[in-house]
Amino acid sequence: MARRTVVLAFFRDEADADDAVEQMKAWDKWDDEVKLSAIGVLALDDKGKLKSHKLGKRSVGKGAGIGLVLAVIAPPTLLAGVIGGGILGAFHHKGLGMKGADRDRIAAQLQGGRAAVGVLVDESQADAVSTRLRQLGGEPETHEVTDEAVAEVEEAAPAVAQAEAEAGDDLTIIDGVGPAYAAALQGAGVKTFAQLAEQTPEGIAEILSNGNAPLIAGHNAGTWPRQGKLAAAGDWSALRRYIDSTKVVPA
């Protein structure tokens with residue numbers, strides 16, 4: 001079996017990293033020689049913790065995801081929520097074979113608004129992926145991941161997925177959704193981006209009113225379903241562009 005490699009490329013900010021992900025996905029589609037197993041983003045929130053929703057899919061079986069691999073690469077101090085709740089504790093002692101100094105260096109690289117794109121590929125693809133990420137403005141480096149490590153992370157994936165499903169998505173990621181609105185939505189059973197995408201603006205307003213968190217003057221839920229759809233698809237670059245488009249003031 002071909003060995004796995006994580007190509008990690010650092011970008012000047014999160015927006016550039018998100019855009020690079022979309023470029024990499026497009027490259028994967030039009031170039032038959034490129035087989036990207038999985039891709040995700042390392043970026044910190046305003047509390048200095050990793051944005052777990054950007055890590056990528058949790059399962060890594062058959063090349064389906066990279067989320068937990070990136071979580072293990074990062075120092076435990078950066079983890080929050082379900083992923084930081086102890087499920088991956090044993091893997092952090094192994095660190096996928098990475099030295100503590102390397103993980104601390106990666107953490108330092110993410111300060112000041114910088115972000116990293118991580119791609120999990122077969123070893124034979126690592127050079128091509130590194131070159132492409134460099135062309136997109138990244139500073140790439142590679143880290144070998146053993147089959148044993150992939151298997152161990154994959155074993156933890158169902159427990160992480162179940163815990164995250166129970167907790168739901170962080171709806172405050174949606175522009176316009178504050179903690180009170182999020183709590184009202186979750187109380188009505190709207191716990192995920194996908195469930196939010198299925199609502200209508202009128203239905204959302206009713207849920208909020210019934211949850212004692214009515215939309216205040218000047219607020220509306222018109223964009224929330226569309227935002228939920230993009231967030232559920234993990235299309236963070238498109239979500240950012242959509243949000244920006246709703247804020248354009250006519251000349």
Side-chain angles (χ1 to χ4, degrees), residues 2-14 16-18 20-21 24 36-45 47-61 63-123 125-127 129-130 132-134 138-157 159-161 163-164 234 236:
R3 289 185 296 181
R4 302 285 189 88
T5 298
V6 170
V7 180
L8 202 60
F10 297 93
F11 287 80
R12 64 179 181 178
D13 56 35
E14 188 177 346
D16 281 358
D18 287 342
V21 167
M24 294 296 286
L36 302 184
S37 296
I39 190 165
V41 170
L42 289 173
L44 303 182
D45 62 19
K47 296 180 180 179
K49 300 295 185 180
L50 282 177
K51 295 183 176 182
S52 61
H53 62 283
K54 287 197 171 183
L55 292 176
K57 295 181 180 179
R58 305 309 190 224
S59 173
V60 295
I66 191 176
L68 297 189
V69 173
L70 286 181
V72 175
I73 284 177
T77 54
L78 297 186
L79 302 182
V82 170
I83 287 181
I87 295 176
L88 298 182
F91 302 123
H92 271 289
H93 291 299
K94 297 180 180 180
L96 298 181
M98 294 182 66
K99 296 179 180 179
D102 284 333
R103 290 158 69 190
D104 290 341
R105 177 181 54 77
I106 289 171
Q109 285 270 50
L110 297 176
Q111 302 301 316
R114 284 169 59 85
V117 173
V119 188
L120 180 65
V121 293
D122 288 339
E123 185 181 38
Q125 294 280 308
D127 286 346
V129 169
S130 294
R132 182 58 177 154
L133 285 168
R134 185 176 292 106
E139 302 166 8
E141 60 186 45
T142 59
H143 302 276
E144 182 181 334
V145 180
T146 66
D147 290 337
E148 178 187 9
V150 170
E152 289 175 343
V153 172
E154 178 65 12
E155 185 177 353
V160 174
E164 289 188 325
W236 308 114

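Going from atom CG of Asp104 over to atom OG1 of Thr77 covers 7.5 Å, rounded to the nearest 0.5 Å. For the atom pair CG (Leu8) and CG (Leu70), the distance works out to 7.0 Å, reported to the nearest 0.5 Å. Remark: Glu141 CD to Asp102 CG distance equals 7.5 Å, nearest 0.5 Å. Summarising the geometry, atom CZ belonging to Arg114 is positioned 11.0 Å from atom CZ belonging to Arg12; distances are rounded to the nearest 0.5 Å.
Applying the salt bridge (Lys or Arg N to Asp or Glu O under 4.0 Å) rule to pairs touching residues 71-80 yields nothing, sequence neighbours excluded.
In terms of the side chain to side chain donor-acceptor pair (under 3.5 Å) criterion, Arg134 has no residue partners (sequence neighbours excluded). Legend: residues meeting salt bridge (charged side-chain N to carboxylate O under 4.0 Å, His left out) with Arg132, ordered by chain and number and at least two apart, are absent. With sequence neighbours excluded, the residues that form a side-chain contact (heavy atoms from CB on, under 4.5 Å) with Ala9 are Phe11, Leu133, Pro140. With sequence neighbours excluded, the residues that form a side-chain contact (heavy atoms from CB on, under 4.5 Å) with Asp13 are Ala15, Asp16. Residues that satisfy the side-chain contact (heavy atoms from CB on, under 4.5 Å) test with Asp45, not counting sequence neighbours, are Lys47, Lys49, Lys51.
A heavy-atom distance below 4.5 Å is not found between the side chains of Leu55 and Ile66. In this structure, the side chains of Leu50 and Leu110 come closer than 4.5 Å at one or more pairs of heavy atoms. Within the 4.5 Å cutoff, the side chain of Ile39 has heavy atoms near those of the Val117 side chain. Using a 4.5 Å heavy-atom threshold, the side chains of Gln125 and Val7 count as separate. Residues Leu42 and Gln109 form no side-chain contact, since every pair of their non-hydrogen atoms from C-beta on lies 4.5 Å or further apart.
Contact record, Thr5 with Ala126: CG2-CB, 4.0 Å, taken as the closest heavy-atom pair. Closest approach of Ile106 to His143, counting heavy atoms only: CD1-NE2, 4.3 Å.
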Fill in: Pair Val129-Thr142, side-chain contact (heavy atoms from CB on, under 4.5 Å): steps then yes or no
CA-CA 10 Å; Val129 169; Thr142 59; over 6 Å; no
